[in-house]
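One structure is given here, and the rest of the page talks about it.
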Amino acid sequence: MADALLTEPVIIVGGGTFGTTTAFHLAKKGYTNVTVLDRFPVPSLEAAGNDINKVVRTEYPDPLYTKLATDAKNIWSNPNGLLSGLYHPSGWIIGASDRSMPFVEASIKSAKTVGTEPPKLVSTEEVHQKWPMINGDLPGWQSYWSSGGAWVNAREGITRMARKAINSGVKYISGDAGYVKQLLFDANSTCIGVRSADGSNYHGTKIVVAAGAAAGSILDLKGQIVAKGHTIGHIQLSPEEIERYKDMPIIDHLEGGILFPPQEDGIMKIGAIHFVTNYAKSYHGMSLPRYRSDNPGDDIPAEIEARLRRWMSEFVPELAQREWVETRICWDGDMPDYHFLITPHPTHKNLSLAIGGSAHGFKFLPVLGKYIVEMMEGTLDPAISAKWKWRPGAKLSAYEANPHPEVPVDLSSLQGWETPPKSLL
Ligand SMILES: Cc1cc2nc3c(=O)[nH]c(=O)nc-3n(C[C@H](O)[C@H](O)[C@H](O)COP(=O)(O)OP(=O)(O)OC[C@H]3O[C@@H](n4cnc5c(N)ncnc54)[C@H](O)[C@@H]3O)c2cc1C
Ligand SMILES: *[C@@H]1O[C@H](CO)[C@@H](O)[C@H](O)[C@H]1NC(C)=O
Ligand SMILES: *[C@@H]1O[C@H](CO)[C@@H](O)[C@H](O)[C@H]1NC(C)=O
Ligand SMILES: *[C@@H]1O[C@H](CO)[C@@H](O)[C@H](O)[C@H]1NC(C)=O
C-alpha cells in the first residue's frame, strides 16, 4: 500500500473490543494518525468486553467462525505473546435441551469440516464422576464435553492491547471529549468527523463506528442492531471452596445460563442467557443500552435472578442461594443472524461500521481488527464481506445459528431492577 494512506487521519468511535482490536491492527500496519474516542478510559466502564472472564470456544455452526476462533485461540494461548497468562484451558460443558440441540449438532459438523475436535456427549454419571463438584441432577440436560474450551481474562486483554496501540502512537481520548454525540457530514453527506459532548470536533478521512450496543444512538442503523442486556452476578467462594471448584470446566447451558470456574480470588461469575431489551428510549425504533453510569440505582431483574438461581440448583445446589457481591447488566449489540456488521456505510462515504458482536464477539479480540482494517481498505475477502455486509431486514438464516433460543424480554415488563421499585412509582 502507498505510504500516503498510512498518514490518513482515522477516527474510531468506541474503544471496547472491536475499537481496540481495530486500533491495534492499524498501528501494527503502520497507520500514524489514529484516534480512539470513548466515553470512558480503557477499560471502559460500560464496554461489553470489560469483564473478568469470557469464553473462548471454537464450536460454531459456521466454519468461518470456527476458523477465526481457532486463530484467535492460538494467540490467546501463546505463553510468550502480548496476551500471555490470560488464557485458562478449563474446557467447557455445553448443556443443551431440545431447542438448543440444532446449534450443538451443527457445531459438531462444523468442527469436523475445519478439523478441530468436536464436542462429545457425556452422561450425567460421567459428569459426576469426572467433576465431583458438579453434583446436581442435571435434569433434562444433554451434556457435551469440549476439552478445547477456555476462558480468558477479558479486561486485562483489552487493556494490554490498548496499551500496546498507545505505545505505537494511537491516541485514546475519554471523558466528555471522547463521548461522541454526533457524526459530522459535508454537503455531499460524506462523513468528515465527529463531535463530542464537550463540543470538540475531530476530523478524519476514515471514521469507524465501534460503539457496540450504543452505536444506534449516533447513527440510524435501519433496525439492524438490537441492544440486548446480559444479566450477570458474582459470588465469593471461601478458600476451601476455591480448592473444591478450581478444576471445574465452564458450564454453559444454552437455555439455562453460564457459570465460570472461580478466579484466583474466589470470585465466580454467573451469566444469564435470558437477555433483556430496552425500547424505552429508543432511537429510530431500536433497543438501546441502559447503562448504570446513567442510572446508578439500577440493579438486575428479579425474575432473571430467580431463573439463574433455579438453574444453579440443577447442578451446583450448594451455590444456588449465595449472596451476590456484584451484579450488572452488560449490553451487546445483536444482529438477527449473529454475523457481525463490519462494513462500509452504504451511502455515507468515508464512514464504516465495526459492530454487532452478537453475544459472541469477544474471543476474536486478537484477530478481528485485521479483518476490520481490510474492510476499511477494501480488501476484505468477498465471502466474508457478504456475511458482514449492511443488511437491513436480515433474518436468522438458519435456526442453528442461535445458541441461545430464549426470546429477550423488555425491561419495561420486568421488576426489581429499578430503584425505587416500580410498585412505588
Ligand atoms: C455479559 C456478556 C458476556 C459475554 N460473553 C462472551 C463470551 O464469553 N465470549 C465471547 O466471545 N463474547 C462474549 N460476549 C460478547 C462480547 O463481549 C461482545 O460481542 C463484544 O465485546 C462487542 O464488542 P464491541 O466493541 O462491539 O462493544 P463494547 O466492548 O461494548 O465496546 C463499545 C465501546 O463503545 C463505547 N461507547 C459507546 N457509546 C459511545 C459514544 N457515544 N462515544 C464514545 N464511545 C462510546 C463504550 O464505552 C465501549 O467502550 C459477552 C457479552 C456480554 C455482555
Ligand atoms: C492527524 O490528522 C488531523 C486531522 O487531519 C491533523 O489535524 C493532525 O495534525 C494529524 N496529526 C498527525 C500526527 O499527523
Ligand atoms: C460535493 O461533490 C461535488 C461533485 O463531486 C463537488 O464539486 C463539491 O465540491 C463537493 N462538496 C463538498 C462540500 O465537498
Ligand atoms: C474521504 O477519504 C479519502 C481517502 O480515503 C480522502 O481523500 C477524502 O478527502 C475524504 N473525503 C472527505 C470529504 O474528507
Side-chain angles (χ1 to χ4, degrees), residues 1-16 18-42 44 161-211 215 217-222 224 340-356 368-382 384-386 388-391:
M1 194 194 357
D3 282 354
L5 285 178
L6 296 176
T7 60
E8 269 192 284
V10 181
I11 310 280
I12 302 173
V13 181
F18 285 20
T20 292
T21 183
T22 305
F24 172 86
H25 281 278
L26 283 167
K28 193 170 166 194
K29 228 170 168 170
Y31 281 80
T32 57
N33 195 347
V34 178
T35 305
V36 178
L37 301 170
D38 201 292
R39 192 177 165 188
F40 300 102
V42 177
S44 161
M161 196 172 252
R163 212 181 291 138
K164 176 80 185 177
I166 291 166
N167 289 338
S168 316
V170 173
K171 223 182 298 161
Y172 269 73
I173 296 174
S174 59
D176 278 352
Y179 187 5
V180 172
K181 288 295 191 179
Q182 194 187 333
L183 300 173
L184 303 173
F185 301 98
D186 73 7
N188 291 330
S189 96
T190 297
C191 187
I192 53 168
V194 304
R195 178 168 302 153
S196 51
D198 71 350
S200 318
N201 293 340
Y202 300 88
H203 291 284
T205 56
K206 279 189 160 69
I207 290 90
V208 187
V209 172
S217 56
I218 52 169
L219 182 66
D220 181 358
L221 294 170
K222 305 291 177 200
Q224 290 174 98
F340 307 140
L341 187 58
I342 294 179
T343 177
H345 190 275
T347 55
H348 297 303
K349 275 204 206 124
N350 293 3
L351 178 64
S352 53
L353 310 172
I355 48 182
L368 195 62
K370 178 172 163 285
Y371 296 86
I372 296 171
V373 173
E374 287 175 1
M375 175 277 293
M376 291 162 64
E377 294 176 342
T379 60
L380 183 61
D381 177 338
I384 302 179
S385 306
W388 296 351
K389 71 180 182 197
W390 180 263
R391 51 190 190 286

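Read the numbers this way: they start at 1 and go in the same order the structure lists the ligands and their atoms. Just so it is clear, the structure is predicted and the values come from calculations on it, not from any experiment.
- For Lys349, the closest heavy-atom approach to ligand 4 does not fall below 4.0 Å.
- Counting atoms of ligand 2 from 1 in the listed order, those under 4.0 Å from a heavy atom of His203 are 4 (C).
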May I have the N/O to N/O pairs between ligand 3 and the protein that fall below 3.5 Å, each with atom names and distance to one decimal?
from, atom 1, to, atom 2, distance (Å)
ligand 3, 2 (O), Asn188, OD1, 3.4
ligand 3, 2 (O), Asn188, ND2, 2.3
ligand 3, 11 (N), Asn188, ND2, 2.9
ligand 3, 14 (O), Asp186, OD2, 3.4

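- A donor and an acceptor atom, one from each side chain of Tyr31 and Thr7, are nowhere located under 3.5 Å apart.
- Ile372 places none of its side-chain heavy atoms less than 4.5 Å from the side chain of His25.
- Panel note: side chain Arg163, backbone Met161; no donor-acceptor pair is recorded below 3.5 Å.
- A ring-centre distance under 6.0 Å is not found for Tyr371 and Phe340.
- Of all atoms in ligand 4, numbered sequentially from 1 with element shown, those under 4.0 Å from a heavy atom of Asn350 are 1 (C), 2 (O), 3 (C), 8 (C), 10 (C), 11 (N), 12 (C), 14 (O).
- Closest non-hydrogen pair, Gly15 versus Val42, comes out as O-CG2, 4.4 Å.
- When the side chain to side chain donor-acceptor pair (under 3.5 Å) test is applied to Thr379, no partner is found at least two apart in sequence or on another chain.
- The N/O atoms of Thr32, backbone and side chain alike, include none that comes under 3.5 Å of an N/O atom in ligand 2.
- The two residues Gly30 and Leu6 make their nearest non-hydrogen contact at O-CB, 3.6 Å.
- Thr347 OG1 to Phe185 CZ: the interatomic distance, rounded to the nearest 0.5 Å, is 8.0 Å.
- With a 6.0 Å cutoff to the six-membered ring centre and a 45° limit on the axis angle, Lys28 does not count as a cation-pi contact of Phe24.
- Contact annotation: for Thr205 versus ligand 4, heavy atoms closer than 4.0 Å belong to both the backbone and the side chain.
- Here is the list of ligand 4 atoms found below 4.0 Å of a heavy atom in Glu8: 4 (C), 5 (O).
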